[in-house]
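Please read these numbers as outputs of a predicted model, since none were measured by experiment. As a basis for the values below, the full set of heavy atoms in this structure was taken, side chains included, without hydrogen atoms, waters or symmetry mates. The sequence lines fix the lettering, A, B, ..., with proteins before strands; numbering per chain opens at 1.
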Protein chains: 2
Amino acid sequence: MVTIKDIARAANVSYSTVSKALNDSPLVKPETKTTILNKAKQLGYTPNFAAKHLVTKRTNTVGLVWPEINRVALTELARHVNKMMADEGKNILLSISDPTEAIALFSRMRSDAILLFEEDIPQNQLPAQLDMPLLSYGVPGINQFPTVGVQHEYAMELAVSTLVESGYSSIGYVGMVDGIGRRQLAKQTGYLDALKKRGLKPILIDTKGLNSIDGFTALSALLAKSPLPESLICSSYDIAVGTVRAIRQAGLTIPEDVALVSYDNIPQQAEADVPLTAVGVPVEKLAKSLVQELLRLIAGEEGLVRELVPELVVRASSHISKQ
Amino acid sequence: MVTIKDIARAANVSYSTVSKALNDSPLVKPETKTTILNKAKQLGYTPNFAAKHLVTKRTNTVGLVWPEINRVALTELARHVNKMMADEGKNILLSISDPTEAIALFSRMRSDAILLFEEDIPQNQLPAQLDMPLLSYGVPGINQFPTVGVQHEYAMELAVSTLVESGYSSIGYVGMVDGIGRRQLAKQTGYLDALKKRGLKPILIDTKGLNSIDGFTALSALLAKSPLPESLICSSYDIAVGTVRAIRQAGLTIPEDVALVSYDNIPQQAEADVPLTAVGVPVEKLAKSLVQELLRLIAGEEGLVRELVPELVVRASSHISKQ
DNA sequence: CTGAAAGCGCTTACAG
DNA sequence: CTGAAAGCGCTTACAG
């Protein structure tokens, strides 16, 4: 591989001058700079990350630990974070290995920071001393590192409240009910609390899975044996997609026959078969918050636990058109 | 961060001895080794990848370029490759950036090799000179780097042939028909050729997408207006999942009312609602082949273009139980 | 068996 | 503006 020494030789300067030119230092004469840059391109020079890192102590790399790589909303979030970090000159590198191994890897690589999409890593599964900031996206409480989370309970309160204001008192919840994963559990709890507070009867529809097809299957089964509630809250975008299909399949109309509010504030909700009313922290805000926290942590500032406030976006699916 | 010099100081030896001990060199006395290893653990030492790489010229890292991160079968493949490379002491690092950027990143990082899951990168979008082996998983032909591919056409021949042998002459194809992506196109071509060869009439059912829900929607729409073909070939596991649901939803039985063969040879096929007959290169074989090629390339051997031979696994979905 | 020395490819004070 | 020197954290011949 070509190094700055090769360029130096080709351009007839010292390699420290090459280094400065490559880093666009004002200390080098414009003409020299041009010559050097040309030679570099001509030789097909690619800077050596490792060597640079060794002296600068920065890798400009953030490790993302995400063994699952699934869910539309999480993928969307990863995409935004990747893009926004790139704009800051930081590269996201993803590992799908077990969290413990992935963290060890990023530690050896001296990533500037680690971002955890895996929510359920107890403190004791972490290396005893990790000289590296770590940020978790998830539900605070299970461990004590900095976390960006979402007020899932409040999101459900918003969802229930908009339906109640529209006159609904029969409100079902479509989601994975057996509480695998703290995020799912928090949503469900929020729903139950919001109904209880209003003296309404909860109707839990268990999807037994998190894919759109699971939402579809649960709703189809329900439709086959009993009428639907007047309105439904879907626990995620994926679930909502399946739910909508099942409802339309049965010849029912949204929102006329059943109103629907979906979790996950992502643009895809607007492009569903029926534009979906959604609650959740807008994915751009979530990504921005993660990126800001990451940058703060990298800058050596104190880690925080933050919970972001969900927002409600009303679209056709929860709004009954008067005719 | 603690370095080998810190350990040397703590263990009262030179840091070159520490280096040897850490690498389990036979040149260092067992007792000294033990002392050093203990001190290292005690101090929470993590080796610095960059420094090591700088001298050894190896990063033991393979970059995976996969902007999409979707599809069950691809995720399954990534998981297998990740695991098998880990067993070889190599770490897979995934980038979801644009392929060009991702490749540039892995180039600066001096990955030992790059694996492309993105199939459609023309040669001219690559850096002029990439001093690094690159392996593509996909359809050979669009570029000229080493490729591991699948004989999609033969897979479809297998699928059609097993159905024909079971007595079917009405065989539909469920998939994304407008040819986005060369993998999809190859499957479709294989199907059309296999039918043509037998003088059978092709029936293309366009899913207009690659998610399970797209398969479901396409089948539902079809069921609503006309009877199904006697048998169907689904272009992927995701599509098959949706297809099966739609068929059962309509009160039909597999394989009695419609026989089904699915693409993608992954264990998940056996666990579908109906165990699915599947064609494709078994995912472990595919992963093994990718890993072997990668290791060969890393060892400096010549790059090849290989196409693997799909296999047929017969399960209940294509087998009519005589009663 | 142990240690001193050179060097991997860079950046960055420091002289000139 | 340019270059020589030191040093980042390691490995690996080479002496002892």
Residues that B/Y237 engages under ring pair (Phe, Tyr, Trp, His ring centres under 6.0 Å), provided they are two or more places apart: none
Can you pull out the residues from residues 36-63 of chain B that lie within a 4.0 Å heavy-atom distance of DNA chain C? B/L54, B/V55, B/K57
Smallest separation among heavy atoms of B/A78 and B/L64, with atom names: CB-CD2, 4.4 Å
Heavy atom of residues 106-113 of chain A under 4.0 Å from DNA chain C: which residues? none
Determine which bases of DNA chain D form Watson-Crick or G-U wobble pairs with both distances under 3.5 Å, and write the result as a 5' to 3' dot-bracket string with | for other-strand partners. |||.||||||||.|||
In the structure I gave you, are the side-chain heavy atoms of B/F145 and B/L116 within less than 4.5 Å of one another anywhere? yes
Heavy-atom pair of closest approach, residues A/L304 and A/E293: N-OE1, 3.9 Å
Restricting to side-chain hydrogen bond (donor to acceptor under 3.5 Å, both in side chains), what partner residues turn up for A/N60, sequence neighbours left out? A/K90
Any residue in residues 2-15 of chain A with a heavy atom nearer than 4.0 angstrom to DNA chain D? Just list them by number, or reply none. A/V13, A/S14, A/Y15
In chain order, what residues pass the salt bridge (Lys or Arg N to Asp or Glu O under 4.0 Å) check against B/K33, with sequence neighbours excluded? B/D24
Report the residues that fulfil ring pair (Phe, Tyr, Trp, His ring centres under 6.0 Å) with B/F117, sequence neighbours left out, ordered by chain and then residue number. B/W66, B/Y137
With sequence neighbours excluded, what pairs up with B/S95 under the side-chain hydrogen bond (donor to acceptor under 3.5 Å, both in side chains) test? none
Just do the side-chain hydrogen bond (donor to acceptor under 3.5 Å, both in side chains) check on B/S14 and B/T17 with the steps written out, would you? CA-CA 5 Å; B/S14 74; B/T17 301; 3.1 Å; yes
State which residues pass side-chain hydrogen bond (donor to acceptor under 3.5 Å, both in side chains) with B/E311; sequence neighbours excluded, sorted by chain then number. B/K285
If you take all heavy atoms of B/L308 and B/V281, which pair is closest and at what distance? CB-CG2, 3.7 Å
What is the 5' to 3' range of DNA chain D, first to last nucleotide, that sits under 4.0 Å from any heavy atom of chain A? D/dC1 to D/dG9
Would you tell me whether A/S97 and B/N82 have side-chain atoms, one donor and one acceptor, within less than 3.5 Å of each other? yes
Under the ring pair (Phe, Tyr, Trp, His ring centres under 6.0 Å) test, residues paired with B/H53 that sit two or more places apart: none
Apply side chain to side chain contact (heavy atoms under 4.5 Å, CB included) to residues B/D6 and B/R9 and explain how you reach the verdict. CA-CA 5 Å; B/D6 298 315; B/R9 213 169 300 125; 3.2 Å; yes
Set out, in order, the CA-CA distance, both residues' side-chain angles and the distance that settles side-chain hydrogen bond (donor to acceptor under 3.5 Å, both in side chains) for B/T59 and B/D112, then state yes or no. CA-CA 6 Å; B/T59 56; B/D112 291 349; 3.1 Å; yes
